[in-house]
Visitor: 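Pasting a structure below so you can have a look.
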Amino acid sequence: MHKRGIFVSTLLAIAIHAPAQTNSPKSMTDPAAVHQSAVVIDTHADTPQRFVDEHWDFTDPLNGGMLNYSSAKQGNLAAQFFSIWVDPNQYPANASAHRTLALIDGTLEQVRKHPDKLALCVSADDIIATHAQGKFAVLMGIEGGHSIENDLGLLRDYYRLGVRYMTLTWSNTNNWADSSGDIDDEKVHHHNGLTPFGKQVVAEMNRLGMMIDISHVSDKTFWDVIATTRIPVIASHSSARALTHAARNMTDEMLLAMKKNNGVVMVNFFPAFIDENWRKAWAAQEPERKKAQQALEAEYKAKGLPVPYTASDKVDREFAAKIGRAPFNSLIDHFDHVIKVAGIDHVGIGTDFDGIPVPPAGIDSAADLPKVTAALMARGYTADDMHKLLGGNLLRVFREVQAASDHNP
């Protein structure tokens, strides 16, 4: 093995195992100390749109957002997978790649501008090495298979640019995979899960060492992925359907399948996915909310422009404010449920920061992530448990996916 590889592998072992071995027993029962000693990884934040559309800088004040450099440091967030999401309602299918590249560029530009604070990471080893240097680890995941425009060459190019996971669908069914977001819409042509090309996408992602993300996909697509992939998969931002009946959430049967697959499920912070009462109130607003969004689209269409996310998000935030915040414990209940069903080795954090109108009560930004650790430890989870949940589980899957690649992107 190359010397750097040996060094980084050693760092990884230290990061995962050392806290439980070297910290004093007292500090390992103190949630603040446990959180501070962990390599905290969030697999989903929609912040790149701010980089591109608002010309906002990651080191700037939050200005209404949920994640920036300062809040990440305050919350001991070590690594962030930034979501590269192309709104299919605003960009034509054959223009998905252009927008995808703009968002990738916007993210990479942040790293270029702040080499003293940020570093692009493309492996688990990179995350550990970057964290050891005191820098913030920047990673990318594409949200929605429509970004590849039915082209495996584009998929490979995104990997070469640093993308390390892809959510097979967003809320829209694409040409090769069904989504949970429109599965009941009779006007949408569905495929009964993955098409043959969809299975090729899964195989190529396995070959590349790109993590397969099953958040957003339909139930049948999920099971097709489980039957097709030869390596673990992730759910970058999904919660438990047994507690909150959202199609985006995972059934207990799915959670058990993720355990068998050795994958990891990242709990989403969106109130409509973690609190049943909030979900019902949000659903009841849908006709009125849709009308407001359509009026906004007409306004921008008259200017010949796509609706920027900041404008549509403002509408959603206004409607969410009428409902109020979901209880913080609803979020903790979902972590607890996923652990009880799938096991502590198969859970993680996928906040969906900057992609949701409001987080639950008590969570305003990444600075509040230590509250999750404190709440779970109050329920009896140990320091070792938290080190797994906060980042160790994702690092394990990331390493396994890349080890199974053919190392020839």
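Note: hydrogens, waters and symmetry copies are ignored here, and every other heavy atom, side chains too, is used.
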Visitor: Are any of the side-chain heavy atoms of Trp170 and Ser179 separated by less than 4.5 Å?
Guide: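 Result no, sub-4.5 Å side-chain heavy-atom pair not found.
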Visitor: Kindly compute the distance separating CG (Leu67) from CG (Asp352), expressed to the nearest 0.5 Å.
Guide: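 Nearest 0.5 Å value for the CG-CG distance: 12.0 Å.
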Visitor: Is the closest side-chain heavy-atom distance between Phe51 and Gln110 below 4.5 Å?
Guide: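 With C-beta onward as the side chain, the pair touches.
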Visitor: With a 4.5 Å heavy-atom cut-off, do Tyr159 and Ser405 have their side chains touching?
Guide: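 In short, these two side chains do not touch, never coming nearer than 4.5 Å.
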Visitor: Is the backbone N or O of Gly193 less than 3.5 Å from a side-chain atom of Asp178, with the two atoms forming a donor-acceptor pair by type?
Guide: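 Indeed, once roles are kept as given, a pair shorter than 3.5 Å links the two residues.
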Visitor: Residues two or more places apart in sequence or in another chain: which of them pass side-chain contact (heavy atoms from CB on, under 4.5 Å) with Leu305?
Guide: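 Per chain and number, Leu305 pairs via side-chain contact (heavy atoms from CB on, under 4.5 Å) with Tyr300, Lys303.
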Visitor: Dump the intermediate steps for side-chain hydrogen bond (donor to acceptor under 3.5 Å, both in side chains) on His114 and Asp57, then the final yes or no.
Guide: CA-CA 10 Å; His114 305 289; Asp57 193 283; 2.7 Å; yes
Visitor: Regarding Glu297 and Lys301, does a basic nitrogen lie under 4.0 Å from an acidic carboxylate oxygen?
Guide: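 No.
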Visitor: Does Arg164 come within less than 4.0 Å of Asp126, counting only side-chain N to carboxylate O?
Guide: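 Salt bridge absent between Arg164 and Asp126.
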Visitor: For atom CD of Glu253, decide whether the heavy atoms of other residues, nucleotides or ligands shown that lie under 6.0 angstrom number more than 12.
Guide: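 Atom CD in Glu253 is not packed in, count stays at 12 or less.
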Visitor: Applying salt bridge (Lys or Arg N to Asp or Glu O under 4.0 Å) to Asp336 and Arg379, what does each step give before you reach the verdict?
Guide: CA-CA 9 Å; Asp336 204 22; Arg379 295 195 185 192; 3.4 Å; yes
Visitor: Report the C-alpha separation of Leu389 and Leu376 in whole Å, then their side-chain angles, then the decisive distance to 0.1 Å, and conclude whether the side-chain contact (heavy atoms from CB on, under 4.5 Å) test is met.
Guide: CA-CA 10 Å; Leu389 183 152; Leu376 285 166; 3.7 Å; yes
Visitor: Between His190 and Asp182, do the side chains contain a donor N or O and an acceptor N or O under 3.5 Å apart?
Guide: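 Per modelled atom types, Asp182 and His190 side chains form a pair under 3.5 Å.
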Visitor: Under 4.0 Å between a side-chain nitrogen and a carboxylate oxygen: does that hold for Arg317 and Asp313?
Guide: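 Yes, this pair counts.
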Visitor: Is a donor on one side and an acceptor on the other found under 3.5 Å between the side chain of Arg396 and the backbone of Asp345?
Guide: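 Yes: the side chain of Arg396 pairs with the backbone of Asp345.
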Visitor: Donor-acceptor pair, distance only, cut-off 3.5 Å: does the side chain of Asn68 make one with the backbone of Asp60?
Guide: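 Judged by distance alone, yes, a pair lies under 3.5 Å.
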Visitor: Could you tell me if the side chain of Asn249 sits less than 4.5 Å from the side chain of Ile274, heavy atoms only?
Guide: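 No, side chains not in contact.
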Visitor: Atom CD of residue position Glu318 - does it have more than 12 heavy atoms of other residues, nucleotides or ligands inside 6.0 Å?
Guide: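 Atom CD in Glu318 is packed in, count exceeds 12.
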Visitor: Is any NZ, NE, NH1 or NH2 atom of the basic residue among Glu286 and Arg289 found under 4.0 Å from an Asp or Glu carboxylate oxygen of the other?
Guide: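 Salt bridge flag = no for Arg289 with Glu286.
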Visitor: For the rings on Tyr381 and Phe335, is their centre-to-centre separation under 6.0 Å?
Guide: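 Here the rings of Phe335 and Tyr381 have centres that are no less than 6.0 Å from each other.
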Visitor: Hey, is the main chain of Ile234 close enough, under 3.5 Å, to the side chain of Tyr165 for a donor-acceptor pair?
Guide: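 Here the side-chain-to-backbone pair does not exist.
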Visitor: If we ignore hydrogens and angles and just use 3.5 Å, is the side chain of Asn393 paired with the main-chain N or O of Val347 as donor and acceptor?
Guide: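 Looks like yes, one N/O pair under 3.5 Å.
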Visitor: Determine the minimum heavy-atom distance between Phe136 and Ala72, stating which atoms define it.
Guide: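 Smallest interatomic distance, heavy atoms only, reads CE1-CB, 3.6 Å.
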Visitor: Is Pro409 close to Arg156 at the side-chain level, that is, under 4.5 Å between some pair of heavy atoms?
Guide: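 The answer is no; the side chains never approach within 4.5 Å.
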Visitor: Counting C-beta onward and ignoring hydrogens, is there a side-chain heavy-atom pair between Phe398 and Ile127 closer than 4.5 Å?
Guide: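 SC-SC contact between Phe398 and Ile127 confirmed.
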Visitor: Does a side-chain N-to-carboxylate-O contact under 4.0 Å join Lys259 and Asp252?
Guide: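 No, no charged N to carboxylate O under 4.0 Å.
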Visitor: Just verifying a value: how many Å separate Leu243 CG and Glu276 CD, rounded to the nearest 0.5 Å?
Guide: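 Taking CG in Leu243 and CD in Glu276, the distance rounds to 9.5 Å.
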Visitor: Is the closest side-chain heavy-atom distance between Met266 and Leu394 below 4.5 Å?
Guide: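 Yes; the side chains approach each other to less than 4.5 Å.
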Visitor: Has the side chain of Ser236 got a donor or acceptor atom that lies under 3.5 Å from a matching backbone atom of Thr43?
Guide: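 Looks like no, no N/O pair under 3.5 Å.
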Visitor: Going by heavy atoms in the side chains, are Phe269 and Val372 under 4.5 Å from each other?
Guide: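 The answer is yes, as the side chains (C-beta and beyond) meet within the 4.5 Å cut-off.
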Visitor: Roughly how far, to the nearest 0.5 Å, is NE2 of His337 from CG of Leu255?
Guide: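 Reported to 0.5 Å precision, the distance equals 6.0 Å.
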Visitor: With His334, which residues qualify under side chain to side chain donor-acceptor pair (under 3.5 Å), at least two apart?
Guide: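 Result, side chain to side chain donor-acceptor pair (under 3.5 Å) vs His334: Thr244.
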Visitor: Give a yes or no on whether the backbone of Leu168 and the side-chain of Asn174 come within a donor-acceptor separation of less than 3.5 Å.
Guide: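 Between the backbone of Leu168 and the side chain of Asn174 there is a qualifying donor-acceptor contact (under 3.5 Å).
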Visitor: So Asp219 and Met254, side-chain contact (heavy atoms from CB on, under 4.5 Å) or not? Walk me through it.
Guide: CA-CA 9 Å; Asp219 290 6; Met254 291 174 176; 3.0 Å; yes
Visitor: Under the 3.5 angstrom rule, does the side chain of Thr251 hit a backbone N or O of Ala242 as a donor-acceptor pair?
Guide: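 Not at all, since once roles are kept as given, no pair shorter than 3.5 Å links the two residues.
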Visitor: Any side chain to side chain donor-acceptor pair (under 3.5 Å) pairs touching residues 368-377, not counting sequence neighbours?
Guide: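 Residue pairs with at least one partner in residues 368-377: His35-Thr373, Asp368-Lys371.
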Visitor: Would you find more than 12 non-hydrogen atoms of other residues, nucleotides or ligands less than 6.0 Å from His407 atom NE2?
Guide: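 More than 12 within 6.0 Å, yes.
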Visitor: For Leu62 and Arg50, work out which heavy atoms get closest and say how close.
Guide: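 Where Leu62 meets Arg50 most closely, the heavy atoms are O-NH1, 2.8 Å.
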Visitor: Would the distance check show the side chain of Glu149 and the main-chain N or O of Ser96 forming a donor-acceptor pair, the cut-off being under 3.5 Å?
Guide: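 A pair under 3.5 Å: yes.
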Visitor: Walk me through whether Asp105 and Leu101 qualify under side-chain contact (heavy atoms from CB on, under 4.5 Å).
Guide: CA-CA 6 Å; Asp105 176 68; Leu101 290 169; over 6 Å; no
Visitor: Tell me whether Arg207 is salt-bridged to Glu204, with the criterion being a basic N under 4.0 Å from an acidic carboxylate O.
Guide: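 Counted as a salt bridge, because a side-chain N and a carboxylate O are separated by less than 4.0 Å.
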Visitor: With rounding to the nearest 0.5 Å, note down the distance linking CH2 in Trp176 to CG in Asn150.
Guide: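 Atom-to-atom, Trp176:CH2 and Asn150:CG are 8.5 Å apart.
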Visitor: Can you confirm whether the side chains of His146 and Tyr91 place a donor and an acceptor under 3.5 Å from each other?
Guide: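 No pair is found: no donor N or O on one side chain lies under 3.5 Å from an acceptor on the other.
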Visitor: Indicate yes or no: does Lys388 engage Asp385 in a salt bridge with an N to O separation below 4.0 Å.
Guide: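 Salt bridge between Lys388 and Asp385, a charged N being under 4.0 Å from a carboxylate O: no.
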Visitor: In terms of side-chain heavy atoms, does Ser123 have a donor or acceptor partner in Asp125 at a distance below 3.5 Å?
Guide: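 Asp125 and Ser123 do not have a side-chain donor-acceptor pair below 3.5 Å.
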Visitor: State whether the side chain of Thr351 and the backbone N or O of His44 hold a donor-acceptor pair below 3.5 Å, judged by distance alone.
Guide: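 At least one qualifying donor-acceptor pair exists.
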Visitor: Within a radius of less than 6.0 Å around NZ of Lys290, do more than 12 heavy atoms belonging to other residues, nucleotides or ligands occur?
Guide: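 No, NZ of Lys290 has 12 or fewer neighbouring heavy atoms, counting only those of other groups under 6.0 Å.
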Visitor: Yes or no on side-chain contact (heavy atoms from CB on, under 4.5 Å) for Ile148 and Thr100, after CA distance, side-chain angles and deciding distance?
Guide: CA-CA 9 Å; Ile148 70 168; Thr100 301; over 6 Å; no
Visitor: Measure the CZ-CG distance between Phe222 and Leu194 for me, rounded to the nearest 0.5 Å.
Guide: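 Taking CZ in Phe222 and CG in Leu194, the distance rounds to 11.5 Å.
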Visitor: What is the minimum heavy-atom distance between Gln293 and Ser312, and which atoms define it?
Guide: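 Shortest heavy-atom separation between Gln293 and Ser312 comes out as NE2-O, 3.0 Å.
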Visitor: Taking all heavy atoms of Val86 and all of Ser147, pick out the closest pair and write down the distance.
Guide: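 Heavy-atom minimum between the residues: CG2-OG, 3.8 Å.
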Visitor: Identify the heavy atoms of Ser365 and Ser71 that sit nearest to each other, and give their distance.
Guide: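 For Ser365 and Ser71, the tightest heavy-atom pair comes out as OG-CB, 3.7 Å.
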Visitor: For Glu143 and Ser83, test the side chains for any donor-to-acceptor distance below 3.5 angstrom and give the result as yes or no.
Guide: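 There is such a pair (donor and acceptor under 3.5 Å, judged by atom type) between the side chains of Glu143 and Ser83.
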Visitor: For atom NZ of Lys291, decide whether the heavy atoms of other residues, nucleotides or ligands shown that lie under 6.0 angstrom number more than 12.
Guide: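 Counting other residues, nucleotides and ligands, NZ of Lys291 stays at 12 neighbours or fewer.
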Visitor: Counting the benzene-type ring for Trp, do Phe270 and Trp278 have ring centres under 6.0 Å apart?
Guide: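 Yes, the ring centres sit under 6.0 Å apart.
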Visitor: State the CG-CG distance between Asn76 and Leu390, to the nearest 0.5 angstrom.
Guide: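 The distance works out to 9.0 Å.
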